[in-house]
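Report on the following structure.
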Amino acid sequence: METTLLYQTQPGIIWDWRVAWDLSLGGLGVGAFLLAFSLWCLADRRYRPLAQTAAVIAPIAVAIGLTLLFSKLGYKFHVYQMGLNLAPTSIMWWGALIQGAFVALSAIFAFRLLFPDVSLLAWLSARLVGWVAVPLAVLTGLYHGVLLAVISSHPLWATGQMVMASVLLFMVTGVAGTLLVHMIRTAIFGARLDEGPFRDYRQGLRPLSLIMLVSTALLLVSLLAWWMELRFGPASDQQALADALTSYGTLIALAIVSLIVALALCVASLLADLRGRYFPAFATALLCVLMLGGGFAIRFAAVLGGQMGSSISTLATLS
Amino acid sequence: MSDKRYAMVIDLHRCVGCAACDIACKSENNVPVEFHWSNHIIETSGTFPDTRYNYIPTLCNHCENAPCVTNCPTTAMYKNADGLTLHDTDKCIGCRLCQLSCPYGVIWFNKEDPHQNFMRDSEPAIPGGTSTGREVAQATDAPIPYYNPARATTYQGIRDRGMVEKCTFCDHRLAVGEDPACVVACPADARIFGDLNDMESPPSKALAEHAPRVLQRDQGTKPHVFYVRNFNE
Amino acid sequence: MTDQIPTSKNDDGWQISRRGFLQGSAGTVAAATAGPALNFFTAASAQAQQPAEAAGKWMASTCQGCTSWCPVQVKVVDGRAVHLRGNPLAKANHGKICPRPHLALQQVYDPDRVRQPMKRTNPEKGRGKDPGFVPISWDEAMDMLADRIMELRNDGEPEKFALFRGRYTYLRDILYSAVPKIIGSPNNISHSAICAEAEKFGPYYVEGLWDYRDYDLEHTRYVLCWGADPVSSNRQVPHAINFWGNMRDNATVAVVDPRLSATAAKADEWLPVIPGEDGALAVAMAHVILAEGAWNKTFVGDFVDGENRFVPGQTVDEPQPSVAAEGAERTEGIVAGDAPTSRTSASVFNEIHTHGVVQWWNLELKDRTPEWAAERTGIPAEQIRRVALGFAAAGSRAISWLSPGASMQARGGYSAMATHALNGLVGSIDAKGGVVAKVKDPTGSVPDMAPYQDELAASHSKYDKIDQRGTLAFPSLNGGKSGGGVVTNAAADGMLAKSPNEIKVAIAYWSNFGFSTSGSYRWEQALSELPFFVHLTTNASEMSMFADLVLPAAHQLFEKWGYIKGKQNLHSYVSLNQRVIDPLWDVKQDETEVPFMLAEKLAERGFDNLYRYYTEGFADPETGAAPTNGEEFTEYALKMLTRGCWDSTHEDYGKYGDRLEGWEDFKEKGVWNSHRYEYGKRVDNFATQTGKVEFYSETLKTALRGHAERHDTTVDGVLEATNYVGRGELAFVPHFEPALRHGDEVEYPFVFFEHRSRLNREGRSANCTWYQAHKNVDPGDENWSDVLKMNPIDADALGLDDGDMVRITSTTGTITAQLKRWEGLRPGTVAKCYGQGHWAYGRVAAANFAEHVPLGGNNNEILYPEFERLSGSTARHGGPSRVKVERV
Ligand SMILES: Nc1nc2c(c(=O)[nH]1)N[C@H]1C(S)=C(S)[C@@H](COP(=O)(O)OP(=O)(O)OC[C@H]3O[C@@H](n4cnc5c(=O)[nH]c(N)nc54)[C@H](O)[C@@H]3O)O[C@H]1N2
Ligand SMILES: Nc1nc2c(c(=O)[nH]1)N[C@H]1C(S)=C(S)[C@@H](COP(=O)(O)OP(=O)(O)OC[C@H]3O[C@@H](n4cnc5c(=O)[nH]c(N)nc54)[C@H](O)[C@@H]3O)O[C@H]1N2
Ligand code: SF4
Ligand code: SF4
Ligand code: SF4
Ligand code: SF4
Ligand code: SF4
Ligand SMILES: [Mo]
């Protein structure tokens, strides 16, 4: 028996790669900011440059992401309408508000960190701005997950794991991205005097490795939970999962492998650190690249793959 | 005047699956040919000779609990006092979140300028002997030759590139006391339209008489398009 | 008109100006950037937002998208047609329309319409050859045509002129009859025989009605459709759709159709007959009804002693009816009043309103058991029995609904009779809830042309016609007369064979035989060889590509005056075609303006007979004024022929229905309705030889004998020449004939059959984007595609998947289409909808118009040009062609 189903909805992907980039870069930015703020608050002075790097990454990454998103809008001239109209039921409206504020604050924060001596608007101290921006950053990170999770017609999205993964992703990618940029910077311009040799420098960043390790592990767990929820969920969930896997299965597999390898490298680096052994810089770089790549691939597959199997009305859904 | 609660009841037993609704909607609302504000789901199942064919006309459900409205970041998609889910092109930013949010796939997005077959057509089949889409439109002094200006009384007559669009329950017709175009066009009288706040209205009666069903009830959208009876029973 | 059109605008100006126009509300950015082009739309833009202005005006006209011919209204705003609806004043379709009139908007505003007369510059004709059309004036075009006609007349061979007609209004005779007759040609050839003449053959030889029937859907209890798909096609679509739901609450519906049609999907029983085997099914049902004693005894009568002697396998012992045994000379006597009841069945059966039930049993039915039929038809015996008995149980409230599907078959004449005879068995002919006919209307006919025929015309117009009608192989027995009907599709063969004579000049209007005829390649060939051909058409369609002159016609729904006569819902009606919008282009009305111009041109050349006929024969019935131009002529002719509807001084005014108050009132209302049909008036008064419903058709017997005599042969000789296998007395009763197929079963394993689209406006929809965009409402079909439907079992065997491009080859040709696996048809058969596959017509219908590449394939290229010869019909149904299917 063959059942043919015809229902013509608009063909093609509605939210494309640009949204995946927005979410990834946004997550990266949020993570970078939180890193910058904690380094700035807690860490040794020699980690100031790293904090500066992270602080600069934050607004830039989020802004690039937002620009990409903006470029995707069908009617860009009307964005100001978001400002003119209160849409408190809309996660996206809140997101725009929060993210906009976050970009502004994180930019000021970066400015303060880079140019601590400029007296312009001095009352906006790094501390003050930072403390205001921290909750915004967390909300932004959450928003990236919630935005999709509220779209209940898309089973892949409408899950708690979507939000979980989103939060974990910003932890993972923010740190990895910052470290990578830092390494590139030092590779090109050399380390600053107070930073010392990378090997020692790294030692002090052990908590970061720990954060990456735990986040990545949790991310993998939440991906598994995500899969299980869909796989053993109602038929529409199973269908959505199958559809997403058909189109993006390879990418997802690659992402998971990357994350697992990154996880292994993370463990290796921690062990190396514990035993005082040398953990090569390129391995750290590789670890970061894998995390970033894997993280982006997950976002990409979730955003695009989630649209593959949106629930469609059939005779069976008439009740 | 008290608010209305407009709804449509589609009697599948009467419906013959002819798509008069779909085409009339295009004509009434200047809908681009690729879009289907009024649409249908078709299912063929079973094995010869026990084959079954089913047809379900679809359109915007004007959900009471409309995720397209909830999620719209500009309130461009909104509910009016009479329960219609309407769209304000002046506010729309074309983010397409409404489209993603709607579980029914009834929202369409103008990726390109609409009606390219008239707007952009400039090569005649036989030069001098036949014309082009653009010439026809110009000759009629309208963007598309059969452009219905009544649509523009409450909405953009033709929606811009970058805008979403969807069924409005023909709010411009309701405004002047007419039934939606698809209701009038349905040769089967399968589309029963009216105000559910009025217990005597045709849809209220139809709902009282037959067990009503909606599409994807589990989405919790509380549709205002109901289905009664079966296409082939 | 053409000079008013603004010349080209640059792309941007166009885009911007559109924007300006479209904005329904304030706050647009576009307006600021709009250049001078903006003024083009501003006036309209300002108005567009006012509900009152936008409301427009509803104007009445008629839709001729199919032969339902529904009264409609057009919403006209600023001189543009923007929307359609049914005419609420019409009792036939009671304000309803099917989906197709909406498509007409895209026809009238089709950019690919011919906008100006064109002449050919490339003398070489043929498919794939660019005609090299260049625009010319109407004056030049009509000069060219008139010269050619004068040449024929001056050479004393006016019979070499031909006029081909497709769809029409009832102003048709002004062109179709008058022009050939007055010029002197017998060759006016209509499309009727590619349409449904074999269908009419059935009721004619059963109840003397050469026409389509009307059906009392409101009161019926059983509807048995024979290939009929009334919710999609046939002849009362909106009415049938509207009544279908309620009807199904009261009635059982059974559909005999090899495919799961839209109607079959909404039926209680689907009988997927093997194509072409309807006759077997129908006679088996008749067998059941008689054998089970389920016939209507008050209508048909009964055995005198009440004992049912219709025992399967046994003849009813019964003296042969005198008339059946003897020659035609006795026929006279019957009509004169021999009581047929006593004559046929004096001894055992007392027949009442029918004739020959016992002979039918004895000659044909006694062995036609459901088990026998099951093998031939593929329908289980149980289902045959169930449907037959259900049908009979509904008594006279039963409808056996015959369509071309079960009759336009190579041997469909007798299937047509058999299916219609079922109505006789249950007594539903002319009965409440049954099968009825039209009510008289008060329209008139065109004045006699004879006085305007000169000697040459009078003699040559009686020559034999090019379509072979009346030859031994083409009896075409319309009205019981040998050669009484048309054999449309044989005209191509006649032209190619130059028999009975050559055709040198031809006009075709509102027809496209290069596309619409089985074996269409023959028309391509005949038209290529035709020295001078004029196509009077809206679109540059297939036939146009062979034309020396292409003349742009006004669109029938929006731009043309005319009237039609129809029936639905037990009401007959007269509906006006009106010019509700000014045409955008330089088009003329085919049936009136063009012939008037031709008459003027001929008069200029010294032959004024046609001009005199038009100007003397047609005067304004109100003022008596004679027409001085084509437009006046159109109006006067229309008023004249419809006078009985609206002119209180006309003798038939108000006699049969509405009393419209004058011409303006008629134009305003658009429709005249008859009284409701009165049941039972025709019983015992049928136009058959016996006045009864004939199961043993004395009427056909006379007709066949007449034809046999004309050709010095026997009735068996006629049957042989017409491809029938029945012999002897079987010729006079509805009987089973095996399906006729072309192509060897091994090489061509599939039986190909076809159907129409619920969006087809005959062959004229495919250039509408709305047609393509909604094509999937034909069960099994896909949007923007032309699919070959195949049962998954066969598709698996061939390794074919949905969407595969396949080549479909028959003995006559090859087309390509997309494959669609579908459970709605039986293994061993494949089906494709008719209507796609245009290699001309326009840029939507053709995949590549300039290169003559079709979108999909035209069924007529693979359908063998087979005929149902007794009626002259083209046998498009019944699976005449076997095909093979290969992946491209
Ligand atoms: N295989 C197959 N063949 C079929 C059929 C089928 O079902 N299957 N159907 C058959 C039947 S039932 C019929 S009736 C015939 C119909 O066949 P035809 O009588 O040949 O009519 P159409 O194919 O509709 O083509 C009509 C032509 O008239 C032109 N035209 C359109 N509108 C107008 C107008 O308003 N005025 C004028 N002057 N011209 C106009 C168009 O450009 C087109 O060239 O086809 C038959 N052919
Ligand atoms: N939608 C639409 N309606 C129309 C028209 C149109 O173009 N479009 N045209 C009008 C005209 S001109 C005409 S003549 C009428 C004719 O219209 P219909 O009465 O519908 O006749 P067809 O479409 O020729 O054939 C009807 C059915 O025959 C089936 N069929 C094919 N082969 C066989 C067979 O061997 N046995 C049986 N039992 N069925 C078979 C087909 O599947 C199809 O469903 O329709 C009129 N109405
Ligand atoms: S059907 Fe979709 S678009 Fe319409 S109201 Fe419901 S959610 Fe919104
Ligand atoms: S596309 Fe327009 S209507 Fe839809 S959610 Fe975005 S702003 Fe709202
Ligand atoms: S109510 Fe109006 S807009 Fe909605 S589907 Fe019907 S015709 Fe279209
Ligand atoms: S117009 Fe009416 S009968 Fe036709 S598909 Fe639509 S709802 Fe069904
Ligand atoms: S296409 Fe046929 S059925 Fe439909 S409205 Fe026109 S004439 Fe009537
Ligand atoms: Mo026809």
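This one's a predicted model, so the numbers in the text were calculated from it and none came from an experiment. Per chain, numbering begins at 1; letters A, B, ... match sequence-line order.
Of the listed residues Val136(B), Asn54(B), Val184(B), Asn117(B), the one with more heavy-atom pairs under 4.5 angstrom with chain C than any other is Val136(B). Ranked by heavy-atom pairs shorter than 4.5 Å toward chain C, the options His115(B), His36(B), His172(B) are led by His36(B). The greatest number of non-hydrogen atom pairs below 4.5 Å with chain C, out of Ala185(B), Ala125(B), Ala190(B), Gly128(B), is found for Ala125(B). Considering only heavy-atom pairs separated by less than 4.5 Å from chain C, the leading option among Asn230(B), Val33(B), Asp11(B), Asn232(B) is Val33(B). Chain C forms more heavy-atom pairs under 4.5 Å with one residue of Thr51(B), Thr44(B), Thr154(B), Asp50(B) than with any other, namely Thr51(B).
Of the two parts of Asn539(C), neither the backbone nor the side chain holds a non-hydrogen atom closer than 4.5 Å to a non-hydrogen atom of chain B. For a residue to count as touching a neighbouring chain, one of its non-hydrogen atoms must lie under 4.5 Å from one of that chain's; by this rule Leu105(C) touches chain B with backbone and side chain alike.
Side chains of Phe118(B) and Pro111(C) form a contact here, defined as non-hydrogen atoms less than 4.5 Å apart. A heavy-atom distance below 4.5 Å is found between the side chains of His13(B) and Asp249(C). Contact annotation: the side chain of His83(C) never approaches that of Asn148(B) to less than 4.5 Å [non-hydrogen atoms, C-beta and beyond]. When side chains are defined from C-beta on, Arg14(B) does not count as touching Ile241(C), because their heavy atoms never get closer than 4.5 Å.
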- What do the steps show when you test Arg843(C) against Thr130(B) for side chain to side chain contact (heavy atoms under 4.5 Å, CB included), and what is the final call? CA-CA 11 Å; Arg843(C) 293 165 299 157; Thr130(B) 64; over 6 Å; no

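Note that CD1 of Ile126(B) and CZ of Phe849(C) are 4.0 Å apart. Values are rounded to the nearest 0.5 Å. Put simply, CH2 on Trp822(C) and OH on Tyr53(B) are 7.5 Å apart, with the number rounded to the nearest 0.5 Å.
Here the closest heavy-atom approach between residue Val777(C) and residue Ile42(B) is recorded as CA-CD1, 4.4 Å. The two residues Lys266(C) and Phe231(B) have their closest heavy-atom pair at NZ-O, 2.6 Å.
Under the 6.0 Å cut-off for aromatic ring centres, Trp770(C) and Tyr146(B) qualify, their centroids lying closer than that. Taking the centre of each ring, His40(B) and His774(C) stay at or above the 6.0 Å mark.
Electrostatic pairing of Arg80(C) and Asp141(B) does not count as a salt bridge here, judged by no charged N lying under 4.0 Å from a carboxylate O.
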